[in-house]
Amino acid sequence: MQNWRRRSLLLFVVGLCGAVGQAADDEQVAAGKQLFLREWKANDPLSPNGDGLGPMHNDTSCVACHKMGGIGGAGPIDKNVDVLALKPPETSSEAAQLNRNVASLHAGFFGPSGLQSNIILHRLSTEPRYSALRSIFLGEDIVSLWDDPRKYLVAMRDSPVNEHLVNGVRFQHVQRNSSAMFGNGLLDRVKAATMRGIAKEQQRVGRVSGRPAPLGQRLDRVGRFGWRGQTKSLRDFVTGACAAELGLHSRADSQLTDPFDPAPRSDRFHDLDEAQVQALVAFCASLPAPIQVIPADPVEAAEVKRGEQLFSQVMCGECHRRNIGPAKNAYTDLLLHDMGQQMSDPVGPELPASFYQSIPAEILTKRPSRVSYYGRSITFRTTVIDNAKARARIQRAT
Ligand code: HEC
Ligand code: HEC
């Protein structure tokens, strides 16, 4: 692409940036906001029936990770979440070793339904012995890079899937960048039939081939949230985030296994009650969708217009669809797309490993210096250019 074309495209995408203040701040939303901003503690007084924060957690508040461009925004790379996947054994002796050793390494790999193929490798625990265990999995190299996000970014850019051999078991370490939630209340209401309709249309036109994220065996259920579209509804994502990121157990989702105390907790103890869960969901759903802002300067406005044309000419809009169901200016199709080998990693629904959800506009627009997915692109500009290059590679290959 020529330089001026890149510039127009960039200005168009950046030009979409903007926020609407939504007046409806009812009591529930306000209570949810307090929970979202709250710095949780172990044995927090807000969890009279539970143990509050942790034991396993990645941070101490929702807003610690979701803060760029405003409360509920995306997260910087140093808040990326670490995921460990078990590498399938190649030989029978590796398989035997895996079964023997994996449980003793981290009890989280054994869930109620048996061996889990991947787990979150938490950043923190209320148990002081945990940090030594964590560094065994990541290796000293990564842990020492952690203090310098730029160096870390460069390392992950070269090699986003890192393999580690621990006690004869092969792990793959990957990361997830925290997504923005702006407009998620509208995306939550997109019907499965709408998503299937878009997938069919894409199949007919034959330029891109998205598919709804499958959720287990139930064909009537499709995923809408998460990089891999792994979660059906906003409520499910919120209860999952409470449990996984902060160790806040609710009736819907259990906090994740503490490797130092793996016995499951009694179901009678909840860190969050139903009213707290509902408030948090109401707050997340209330975060306004972005709107397009056309610059006042006529030269820049014309540039945005040209970018908009390029956006559809070079097929960005095939995946980043402007409107989907009730979500206007969403710039997503909520479908999974094959992003190629470079983006492939072992964690996700039962699909080839390189399928990713085309992310919504809030992510495209809300964050001028956002980094993509693992944190590959350093600025918003490089994200757009990386993406255009990746698209060109895929088009050449097909
Ligand atoms: C340690 C960082 C971290 C913390 C703390 C955190 N999140 Fe997240 N959040 C993430 C990451 C990473 C993702 C993307 C996960 C994925 O797609 O696999 C995410 C995604 C989400 C999404 C889905 C967005 C989308 O459009 O797909 C919601 C909703 C969400 N988080 C809510 C919360 C809530 C509520 C809390 C507090 C209880 C919270 N998060 C705390 C890191 C965090
Ligand atoms: C085949 C579908 C598809 C097409 C076509 C496509 N994208 Fe994307 N795009 C995605 C997916 C999936 C992601 C999320 C995974 C990732 O980060 O790469 C994404 C991510 C992005 C991001 C990352 C934003 C962030 O915050 O991480 C930007 C910016 C972007 N696309 C812009 C573009 C532009 C500009 C074009 C046209 C040149 C384009 N996309 C074409 C599917 C597509």
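Atoms within a ligand are numbered from 1 in the order they appear, just like the ligands themselves. Everything quoted here is computed from the prediction, not taken from an experiment. Hydrogens, waters and symmetry mates play no part in the numbers below; they use all other heavy atoms, side chains included.
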Query raised in the report: If you look at every heavy atom in Pro326 and Leu186, which pair is closest and at what distance?
Result: CG-O, 3.7 Å

Query raised in the report: Judging by distance only, is a nitrogen or oxygen of Asp59 under 3.5 angstrom from one on ligand 1?
Result: no

Query raised in the report: Side chain, backbone, both or neither: which part of Thr231 comes within less than 4.0 Å of ligand 1 when only heavy atoms are counted?
Result: neither

Requested in this report: Would you mind listing which atoms of ligand 2 come within a distance below 4.0 Å of any non-hydrogen atom of Cys316?
Outcome: 34 (C), 35 (C), 36 (C), 37 (C), 38 (C), 39 (C), 41 (C)

Report task. Using heavy-atom distances, let me know which of Gln230, Arg228, Arg224 sits nearest atom 18 (O) of ligand 1. Result -> Gln230

Query - N, O or S from Cys62 under 2.8 Å to atom 8 (Fe) of ligand 1 - result: no

Query raised in the report: Do Asn118 and Gln172 have side-chain atoms, one donor and one acceptor, less than 3.5 Å apart?
Result: no

Query raised in the report: Does a donor on one side chain sit under 3.5 Å from an acceptor on the other, for Glu245 and Asn58?
Result: yes

Requested in this report: Output the list of atoms in ligand 1 that are nearer than 4.0 Å to some heavy atom of Arg176, sorted by atom number.
Outcome: 12 (C), 18 (O)

Query raised in the report: Which atoms of ligand 1 have any heavy atom of Ala241 under 4.0 Å away?
Result: 32 (C), 33 (C), 34 (C), 36 (C), 39 (C), 40 (N)

Query raised in the report: Looking at Trp227, which atoms of ligand 1 are within less than 4.0 Å of one of its heavy atoms?
Result: 14 (C), 16 (C), 17 (O)

**Report entry** Atom indices of ligand 1, in the order listed, that fall short of 4.0 Å to a heavy atom of Phe225
**Finding:** 25 (C), 26 (O), 27 (O)

Report task. Can you see which heavy atom on Trp40 is nearest to which on Leu35, and at what distance? Result -> NE1-O, 3.5 Å

Requested in this report: Report yes if some N/O of His320 lies less than 3.5 Å from some N/O of ligand 2; otherwise report no.
Outcome: yes

Query - Donor-acceptor side-chain pairing of Ser209 and Gln202 below 3.5 angstrom - result: no

Query raised in the report: Any idea which part of Leu234 is under 4.0 Å from ligand 1, heavy-atom wise: side chain, backbone, both or neither?
Result: side chain

Query raised in the report: Should one rank His66, Glu245, His122 by closest heavy-atom distance to atom 40 (N) of ligand 1, which comes out on top?
Result: His66

Query - Test of proximity, Ser61 against ligand 1: N or O pairs below 3.5 Å - result: no

Query raised in the report: Using 4.0 Å as the upper bound for N to carboxylate O, is an ion pair formed by Arg306 and Glu300?
Result: no

Report task. Consider only side-chain N and O atoms of Asn80 and Asn177, and report whether a donor and an acceptor are under 3.5 Å apart. Result -> yes

**Report entry** Contact check, Met315 vs ligand 2, heavy-atom distance below 4.0 Å
**Finding:** yes

Query raised in the report: Is Leu133 linked to Leu121 within one hydrophobic cluster, defined over Ile, Leu, Val, Met, Phe, Trp and Tyr using a side-chain heavy-atom separation of less than 4.5 Å?
Result: yes

Report summary line: d(Gln278 CD, Asp273 CG) to nearest 0.5 Å is 9.5 Å

Requested in this report: Would you indicate which of Cys65, Cys242, Ala243, Gly226 comes nearest to atom 2 (C) of ligand 1 when only heavy atoms are counted?
Outcome: Cys65

Query raised in the report: Any N or O on Asn184 sitting closer than 3.5 Å to an N or O of ligand 1?
Result: yes

Query - Shortest non-hydrogen contact between Tyr130 and Met56, atoms and distance - result: CE1-CE, 3.4 Å

**Report entry** Minimal non-hydrogen separation, Gln276 against Leu46, with atom names
**Finding:** NE2-O, 3.2 Å

Report summary line: Taking only non-hydrogen atoms of Ser179 and a 4.0 Å limit, the atoms of ligand 1 in range are 13 (C), 14 (C), 19 (C), 20 (C), 24 (C)

Requested in this report: Identify, by atom number and element, the atoms of ligand 1 in contact range of Leu246, meaning under 4.0 Å from any of its heavy atoms.
Outcome: 37 (C), 38 (C)

Report summary line: Any heavy atom of Phe237 under 4.0 Å from ligand 1? The part involved is side chain

Query raised in the report: Can you get from Ile119 to Leu105 by hopping between Ile, Leu, Val, Met, Phe, Trp and Tyr side chains that sit under 4.5 Å apart?
Result: yes

Query - Asn58: numbered ligand 1 atoms lying under 4.0 Å from its heavy atoms - result: 1 (C)

